[in-house]
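Only a predicted model underlies this, so the values are computations on that prediction, with no experimental measurement involved. Note on naming: letters A, B, ... go to the chains in the order of the sequence lines (proteins, then strands), and numbering restarts at 1 for each one.
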Number of protein chains: 2
Amino acid sequence: MSDKLTIGKLASATGTKVETIRYYEQIGLLAAPARSAGNYRTYEGEHLRRLSFIRRARDLGFSIDQVRELMGLADRREQSCMAVDVIANQHRDAITRKIADLTALASELDALIDSCSRNTVAECRIIEALGPSAEARSH
Amino acid sequence: MSDKLTIGKLASATGTKVETIRYYEQIGLLAAPARSAGNYRTYEGEHLRRLSFIRRARDLGFSIDQVRELMGLADRREQSCMAVDVIANQHRDAITRKIADLTALASELDALIDSCSRNTVAECRIIEALGPSAEARSH
DNA sequence: TATGCACCCTCTAGTCGCTAGAGGGTCAAG
DNA sequence: CTTGACCCTCTAGCGACTAGAGGGTGCATA
């Protein structure tokens with residue numbers, strides 16, 4: 001029933017690497033826990049909750065700074081949900097842009113790949129396509 | 001008619017920052033050019049062609065190491081195009097995976113955002129959703 | 001009791017692809 | 001001859017870790 005955890009236990013409970021937990025402590029994202037007689041970190045249930053929050057937000061692609069902001073909001077519970085909503089929406093917009101960029105990239109690459117007809121490199125259309133553009137050559 | 005360029009000219013001709021060009025030289029991606037009497041880098045047409053190639057490949061999302069590999073292949077022109085095709089396809093696959101991940105992320109975020117009904121943070125579903133998972137709580 | 005082994009500690013440096021800044025030198029125009 | 005745009009090197013910083021050196025701790029087993 002004890003909720004004391006070594007760093008290794010906390011790591012496997014949250015799917016985080018041990019080094020990453022120490023890193024989060026170092027940058028002040030996760031509070032430094034008490035130490036045992038042998039100088040081992042001893043984590044409590046609250047640390048587990050915080051780290052779970054951090055990991056989940058990180059998995060959703062929030063930056064460390066955004067996570068910090070979200071945790072600050074979560075702690076001041078009287079305040080409006082709107083600030084949280086704003087952060088989530090900003091992040092959603094960034095993801096939308098990224099997907100669009102990657103999709104455009106993918107079709108460019110597809111065109112390139114289609115044009116490769118297993119010739120020697122001298123005739124390789126991919127290499128050609130990556131070369132200097134026609135305008136650059138015309139000067 | 002001279003094709004000698006200062007680093008600034010090369011930068012604006014290729015849409016690269018001056019610092020980035022020096023960085024490419026430092027990591028051995030772009031050959032070091034001759035120097036003028038005043039120790040300025042003096043680039044030739046070949047440098048322009050190489051840097052254009054690099055920029056284009058980087059814009060398509062190839063890593064520096066992939067660019068290095070592609071340039072090596074482009075130089076051995078008698079050899080089969082297939083190695084180039086392989087690199088391009090690996091990269092295409094990585095992009096496909098990234099798009100899938102981001103799309104899944106986007107719908108998770110959408111669900112989160114929908115559930116936020118502008119209440120106080122105490123009832124905020126986004127913060128809840130980011131908290132420790134049900135399994136973690138049940139232990 | 002000794003020994004082995006998994007785990008923990010700190011500290012430092014490396015990853016990737018640049019970017020920024022300090023502190024200077026060069027060059028061409030006015 | 002001065003101004004200002006450009007160039008030089010060197011070093012450190014970004015984000016978010018990751019890896020390694022060189023050591024200490026804790027527990028089980030022979």
### Query
Between the side-chain atoms of Y24(B) and the base atoms of dG17(C), is any donor-acceptor pair under 3.5 Å?
no
### Summary
Checking dA16(D), dC8(D), dA19(D) against the side chain of S63(A) (C-beta onward), the nearest is dA16(D)
### Task
Verify side chain to side chain contact (heavy atoms under 4.5 Å, CB included) between L51(A) and T16(A), making sure each step is shown before the conclusion.
CA-CA 9 Å; L51(A) 184 54; T16(A) 315; 4.0 Å; yes
### Query
For the side chain of R35(A), counting heavy atoms from C-beta on, which of dG25(C), dT9(D), dC9(C) is nearest?
dC9(C)
### Task
Considering non-hydrogen atoms only, spot the tightest contact between V67(A) and A57(A) and give its length.
CG2-CB, 3.8 Å
## Note on the structure
Heavy-atom nearest nucleotide on DNA chain C taken for R22(A) and for D65(B); more 5' hit belongs to R22(A)
## Note on the structure
Considering only heavy side-chain atoms of K17(B), the closest of dC8(C), dC17(D), dT19(C) is dT19(C)
### Query
Once you round it to whole Å, what is the distance between C1' of dC18(C) and CZ of R58(B)?
9 Å
### Message
Is any side-chain heavy atom of L29(A) closer than 4.5 Å to one of M71(A)?
### Response
yes
### Query
Separation of L51(A) atom CG from dC17(D) atom P, in whole Å?
11 Å
### Nucleotide dA28(C), atom P - distance to OH of Y40(B) in whole Å
9 Å
### Summary
Atom CZ of R41(B) and atom P of dT9(D) are separated, to the nearest Å, by 4 Å
### Query
For the pair made of NZ in K9(A) and C1' in dC8(C), what is the distance, rounded to whole Å?
12 Å
## Note on the structure
In whole angstroms, the gap separating P of dT9(D) from OH of Y23(B) amounts to 17 Å
### Message
Measure CD1/I64(B) against P/dT15(C) and give the value in whole Å, please.
### Response
14 Å
### Task
Under 4.0 Å between any heavy atoms, over every strand shown, what does I27(A) touch: base, sugar-phosphate, or nothing? Just pick one.
nothing
### Message
For I7(B) and A37(A), find the nucleotide of DNA chain D closest to each by heavy atoms; which residue's nucleotide sits nearer the 5' end?
### Response
I7(B)
### Message
I need the minimum non-hydrogen distance between Y24(A) and R58(A), along with the two atoms involved.
### Response
OH-CG, 4.0 Å
### Minimum-distance nucleotide (side-chain atoms of S36(A) versus dG26(D), dC27(C), dG17(C))
dG26(D)
### Query
Does a side-chain heavy-atom distance below 4.5 Å link T6(B) with Y43(B)?
no
### Query
Does dC18(C) have OP1 or OP2 sitting under 4.0 Å from an N or O in the side chain of T20(B)?
no
### Task
May I have the distance from Q26(A) (atom CD) to dT18(D) (atom P), rounded to whole angstrom?
14 Å
